[in-house]
Amino acid sequence: KKSSGSDLRSPICCILGHVDTGKTKLLDCIRRTNVQEGEAGGITQQIGATYFPTENIRERTRELKADATLKVPGLLVIDTPGHESFTNLRSRGSSLCDIAVLVVDIMHGLEPQTIESLNLLKGRNTEFIVALNKVDRLYGWKSCPNAPIIKAMKQQTNDVKNEFNMRLTQIITEFKEQGLNTALYYKNKEMGETFNIVPTSAISGEGIPDLLLLLVQWAQKTMEDKLTYVDEVQCTVLEVKVIEGLGTTIDVVLVNGLLHEGDQIVVCGMQGPIMTTIRALLTPHPMKELRVKGTYVHHKELKAAQGVKISAQGLEHAIAGTALYVVGPNDDAEHIKAAVMQD
Ligand code: GTP
Ligand code: MG
Ligand code: NA
């Protein structure tokens, strides 16, 4: 099907890492929300999605003076659980993304689900950036809220810098043992072969501007073809959920194409294909988490990439992790119904 030229869609970025490394907290810091504190036991148990419009990314990266280089409409970020029992959700999240952030706790280094995540990324050849999180826990760290990391580092004593360098060196060695070259992003002379490390704090925000800018720039630079918008719908079901007032809904990630209110869709169901009509096409507000109950924005039409809540009849038995198809005017519905059950 036709593509719309140089029209770029928002990159999809998946956050991966061992449990409690601060994946959700990093997103809370960028969103200025408190999703993590509302989680049962402080553990993420679902895939989430948040849309960051470029104007917000511009605001958060202002000190790095890179305004003109931001070409994509925004960034769609997928949060995943780090608990060992959710391998399937990490796999689903990583299969949807264009780029990833692998979060490592600077006090712990590489842990079992860090390595599992790393193997998922290697398996798909996915570009990623390492967020070396919790730098504020270095003994004597002087907080520089939301500062670029180079500026924050300059404020630190030699003792803090020494502890940082010691832990960084150890973690670079651990990556090497996994067959990967990594380096601090501002010292990386072989971008592309050596993976970038960005030190961050999800509590005081140091390094967040760097992480955001690097993500968007790296995505734009290395995957222009992949990010060129195409009309053909590519869409995956994340969750099936009952919402008061809406009935059973599905949360989806629209990777490419357009969805409209009234579109006829087919999804995979436990008792066979489900053909239904989109009754409402909803998103959370920008910078809000799709998986958290809140107010929704109604849309007549939505363009990829977006995290979307779809309300429609008959979704009770829909299966998460499978593809959603749109039945076009010239499409054979029976053919699509057969295709949907292949997933
Ligand atoms: P799962 O989704 O359950 O795998 O965890 P997560 O990786 O999303 O980590 P989460 O955001 O739940 O944070 C875990 C704990 O670490 C919480 O108590 C956070 O407050 C704390 N934390 C996260 N990031 C930071 C940080 O940068 N500095 C400090 N000091 N604590 C942090
Ligand atoms: Mg989490
Ligand atoms: Na957690």
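Both backbone and side-chain heavy atoms feed into the values below; hydrogens, waters and symmetry mates do not. Ligands are counted one by one from 1 in listed order, and the atoms in each one are counted from 1 as well.
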Q36, any N or O under 3.5 Å of ligand 1 N or O: yes
Close N or O approach (E39, ligand 1; < 3.5 Å): no
Pair D7 + K303: basic N to acidic O under 4.0 Å: yes
Side-chain (S204) to main-chain (S143) donor-acceptor, under 3.5 angstrom: no
Same apolar cluster (I L V M F W Y, side chains within < 4.5 Å links), Y185/L118: yes
Ligand 1 versus K23: contacting region, heavy-atom distance under 4.0 Å: both
Sub-4.0 Å heavy-atom approach of S201 to ligand 1: yes
Side-chain donor/acceptor of S10 to backbone N/O of G74, under 3.5 Å: yes
Side-chain ion pair, D79 and K23, N-O less than 4.0 Å: no
Set of residues satisfying ring pair (Phe, Tyr, Trp, His ring centres under 6.0 Å) with respect to F195, sequence neighbours excluded: F128
Any N or O of P81 closer than 3.5 Å to N or O of ligand 1: no
Residues which pass side-chain contact (heavy atoms from CB on, under 4.5 Å) with S94, listed by chain and number, not counting sequence neighbours: L16, L120, R124
Total protein N, O or S atoms, the Mg ion (ligand 2), separation less than 2.8 Å: 2
Distance below 3.0 Å from the Na ion (ligand 3): protein N/O/S atoms: D20 OD1, G42 O
R137 N/O to ligand 1 N/O under 3.5 Å: no
G17 N/O to ligand 1 N/O under 3.5 Å: no
